[in-house]
There are 2 protein chains.
Amino acid sequence: MIRIAVVDDKINNRKVITDKLSRNNFFTLVFQAVDGEDFLQQMQKLPQDDQPHIILMDLEMPHVDGVSAIGTASSLYPNIKFVVLTIFDDDEKIFRAIRAGACGYLLKEESGEVIADMLMNLWESGAGPISPSIAYKILQMVQMPSNAKVEKQTDNIFQLSDREKEILQLLSQGLEYKEIGAKIFISPNTVKKHCISIYQKLHVNSRSQALRIAYTKGLI
Amino acid sequence: MIRIAVVDDKINNRKVITDKLSRNNFFTLVFQAVDGEDFLQQMQKLPQDDQPHIILMDLEMPHVDGVSAIGTASSLYPNIKFVVLTIFDDDEKIFRAIRAGACGYLLKEESGEVIADMLMNLWESGAGPISPSIAYKILQMVQMPSNAKVEKQTDNIFQLSDREKEILQLLSQGLEYKEIGAKIFISPNTVKKHCISIYQKLHVNSRSQALRIAYTKGLI
DNA sequence: AAACAAATTATCCAAATGGACTATTGTTTA
DNA sequence: TAAACAATAGTCCATTTGGATAATTTGTTT
């Protein structure tokens with residue numbers, strides 16, 4: 001039995017996909033969420049044994065968008081597979097979602113059978129599902145000679161400011177507030193304020209969790 | 001009418017693929033070649049109006065291999081689409097072929113219908129055909145963090161006990177004492193004792209510093 | 001000049017952390 | 001057998017941290 005969670009702000013979209021999957025009784029819907037924030041909160045309070053195996057995530061959502069939610073959750077829950085399920089196929093979004101940790105990228109226009117098949121295959125073989133047109137775009141990205149430009153765009157999944165990146169770097173060195181403050185000549189209180197802002201952007205609530213994301217996502 | 005050329009050193013392979021395509025009369029076989037050298041020569045003496053639209057190319061061939069043939073020909077004939085058709089799916093080959101200019105990568109195990117469909121689609125929409133398992137590998141290439149991942153340490157340079165390694169692993173997930181205690185059914189006080197022992201063995205005095213060593217030395 | 005986003009500083013409070021102790025129970029080693 | 005060690009669990013205490021909230025400064029952009 002494959003446990004699924006669906007994240008989409010439109011109730012109708014959620015209904016369509018859950019209906020598609022419910023026709024196949026290998027799938028169980030664990031929960032639904034309306035945005036990234038809601039999703040991360042529901043994950044936190046979920047016992048580990050009830051955690052979904054696969055997340056189907058829309059990208060365009062209010063509050064916390066899909067990309068940053070995938071970025072956080074794929075570090076926090078490395079065993080869970082994140083599949084983008086959206087109507088958009090523009091290069092920038094695809095690239096950002098994949099770099100954030102998505103293992104698959106399906107277009108909503110795919111039929112229920114195709115989606116179910118691909119999720120089954122993901123479960124059995126670990127191969128992420130990719131719509132053919134998306135696959136081709138990814139190929140083109142690899143083909144692109146100047147990936148330097150792309151890297152800069154993707155680098156900032158979490159929209160950290162320069163100062164925040166600097167603080168995160170110092171945090172990773174094991175320094176505490178007052179040490180960081182002394183090193184860059186600001187008050188420890190300010191350092192703390194920056195840290196809390198960083199945690200909010202990474203959707204975590206402790207230094208260890210922030211560092212996990214920083215290390216696994218190559219932020220430092 | 002889509003003009004096709006097939007490049008493969010094994011006569012049997014050529015026969016299999018031409019048979020598959022001949023069932024669909026949208027395709028015409030322009031010529032066959034036994035290796036990259038042969039292919040490039042035949043292309044040279046071919047009038048422009050007779051040039052194939054799509055090349056199906058094996059990679060493993062004598063004399064001039066598929067990758068270098070694609071590299072040359074995709075520059076010489078920029079309007080022609082090069083599709084790799086091979087049994088190999090190792091990352092290195094995929095990457096090299098794509099960088100050389102291949103617009104698609106199909107496995108020979110695909111059925112005739114699938115191959116025909118994808119080539120038709122390439123002709124109509126320009127989207128290169130990619131076998132799902134190949135698509136997934138390409139995605140993983142994009143996903144690969146730029147910074148080389150540290151190999152996990154096999155030998156225990158810091159002499160951590162099994163329990164301590166377990167605790168360190170849980171610490172890296174961002175859990176706190178009481179959460180770890182609950183997870184492995186021991187008192188939070190004991191978790192704390194383990195942590196302090198870990199810090200002593202790593203010669204640090206905070207969680208962040210311990211995690212830094214853990215991440216950069218491949219302890220987790 | 002006004003508006004706006006960062007960056008800065010501060011205070012209060014509850015919770016978590018690191019460190020130093022002591023102590024019991026098994027296991028392994030000398 | 002005695003000593004050493006690992007894992008367990010607890011107490012006390014000072015420090016650090018995370019969170020909320022408010023206020024000021026500093027650049028940019030409009």
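For clarity, every value in this text was computed on a predicted model and none was experimentally measured. By convention in this document, chain letters (A, B, ...) are assigned in the order of the sequence lines, proteins followed by strands, and residues within each chain are numbered from 1.
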Query raised in the report: Choosing from D:dT17, D:dG19, C:dG19, which nucleotide comes nearest the side chain of A:Ile196?
Result: D:dG19
Requested in this report: Nearest whole angstrom, please: distance from the P of C:dA5 to the CD of A:Glu164.
Outcome: 15 Å
Query raised in the report: Does B:Tyr199 have a side-chain nitrogen or oxygen under 4.0 Å from the phosphate oxygens OP1 or OP2 of C:dT17?
Result: no
Report task. Nearest-nucleotide wise, let me know which of B:Gln159 and B:Thr190 is further upstream toward the 5' end of DNA chain D. Result -> B:Gln159
Query raised in the report: So does A:Arg163 get a side-chain nitrogen or oxygen closer than 4.0 Å to the phosphate oxygens (OP1/OP2) of C:dA6?
Result: no
**Report entry** A:Ile11 atom CD1, neighbour heavy-atom count above 12 within 6.0 Å
**Finding:** no
Query raised in the report: Between C:dT17 atom C1' and B:Gln200 atom CD, what is the distance in whole Å?
Result: 15 Å
Query raised in the report: How long is the line joining NZ of B:Lys193 and P of D:dT8, in whole Å?
Result: 11 Å
Query raised in the report: Are any of B:His194's side-chain N or O atoms less than 4.0 Å away from OP1 or OP2 of D:dT8?
Result: yes
Query raised in the report: Within the pair A:Asn189 and C:dT9, is there a side-chain N or O less than 4.0 Å away from OP1 or OP2?
Result: no
Query raised in the report: Quick one: is D:dG18 close enough that its OP1 or OP2 comes under 4.0 Å of any side-chain N or O from A:Ser206?
Result: no
Report task. Quickly work out the B:Ile198 CD1 to C:dT17 P distance and round it to whole Å. Result -> 13 Å
Query raised in the report: With a 4.0 Å cut-off, would you call A:Lys20 and A:Glu113 a salt bridge?
Result: no
Report summary line: When rounded to whole Å, the CD to C1' distance for the pair B:Glu166 and D:dA6 reads 14 Å
Query raised in the report: Would you call B:Arg96 and B:Asp90 a salt bridge, using N to O less than 4.0 angstrom?
Result: no
Report task. Please state how far atom NZ in A:Lys192 lies from atom P in C:dT11, giving the value in whole angstrom units. Result -> 11 Å
Report task. Rounded to the nearest angstrom, tell me the gap between atom OH in A:Tyr177 and atom P in C:dT17. Result -> 12 Å
Report task. Give B:Ile186 one of three labels, base, sugar-phosphate or nothing, depending on what nucleic acid heavy atoms sit under 4.0 Å from its own. Result -> sugar-phosphate
Query raised in the report: A:Asn205 has an atom CG; how far is it from atom P of C:dT17, in whole Å?
Result: 11 Å
Report summary line: Of B:Phe185 and A:Lys178, the one whose nearest nucleotide on DNA chain D sits closer to the 5' end is B:Phe185
Requested in this report: Indicate the ring-plane relationship of A:Phe82 and A:Phe39, choosing parallel, tilted or perpendicular according to the 30° and 60° boundaries.
Outcome: perpendicular
Query raised in the report: So what does B:Ser197 touch, heavy atoms closer than 4.0 Å: a base, only the sugar-phosphate, or nothing?
Result: nothing
Query raised in the report: Can any side-chain N or O of A:Arg14 pair as donor or acceptor with the backbone N or O of A:Val6 at less than 3.5 Å?
Result: no
